[in-house]
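We're numbering straight along the sequence, starting at 1. Whatever order the structure lists them in is the order used to number ligands and atoms, beginning at 1. Keep in mind the model is a prediction, meaning the values are calculated, not measured.
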Amino acid sequence: NYRCRSAFKLLEIDDKHKVLRPGLSVIDCGAAPGAWSQVAVQRVNALGTDPNAPVGFVLGVDLLRISPLEGAVFLPNADITDPVTLKKIQELLPTERADVILSDMAPNATGIRELDHQKLINLCLTLLDLSQSILRPRGTILCKFWDGREAHLLQNRLMEHFQDVRTIKPQSSRKESAEIYYLAKLYNDGVKHQKL
Ligand code: SAM
């Protein structure tokens, strides 16, 4: 039982693109009510359910409070754009850096499409700043955005820092929605244009 139907989007993306696997350490940004974290807990084996696989870790961060979930650590009342949040994330991470940053964040929609688009792109750009401190080399970002004129800015920034950047539109995303995801793999730790 998932807390929200958004779980099926992450399941679909992960089945196809293999973002999560046992043992990985994941930060789930915009985690409330917690459906993506539920999926992540299962897929990284955060509860040690599979005794033969490595045990992963899931940290969910949100402006809102999130009901407790076995296998996940939550950082509620936390704004991802606030430097204090970065400090707290670093304190809570068992390893120095995470393997995967997930973001299903969405700002409160104003209904003005262009403005909402810009706000979400800016939130996603924040993830790139965070990555410098908390994403391990060769790590992954999966982030949702609403399509619009500034999407290419985000895509370009991702391409500067990741070797493999894909655009994903899951089937389970309603057809009419402008919701798209970037999947950026192989983080090169701020080293631009370097062939690893
Ligand atoms: N992935 C979640 C799930 O499966 O349960 C659903 C996420 S919901 C679509 C978007 C979330 O992003 C909201 O809970 C919202 O509070 C959060 N959010 C928006 N701006 C944020 C910010 N600046 N920092 C942290 N969380 C934020």
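- The number of heavy atoms from other shown groups lying within 6.0 Å of CZ (Arg3) is above 12.
- Ligand 1 is surrounded by Ser6, Gly30, Ala31, Ala32, Pro33, Gly34, Ala35, Trp36, Asp62, Leu63, Leu64, Ala78, Asp79, Ile80, Asp104, Met105, Ala106, Leu123, Lys144, each with at least one heavy atom closer than 4.0 Å.
- With hydrogens and angles ignored, the 3.5 Å screen pairs no side-chain donor or acceptor of Glu150 with any backbone N or O of Ile121.
- Using modelled atom types and a 3.5 Å distance limit, the side chains of Thr110 and Asp116 yield a donor-acceptor pair.
- The number of heavy-atom neighbours closer than 6.0 Å to CG of Asp15, taken from other residues, nucleotides and ligands shown, is above 12.
- For the side chain to side chain donor-acceptor pair (under 3.5 Å) condition, the pairs that include at least one residue of residues 57-79, sequence neighbours left out, are Asp79-Thr81.
- For the residue pair Phe145 and Cys124, the shortest heavy atom distance occurs at CB-SG, 4.3 Å.
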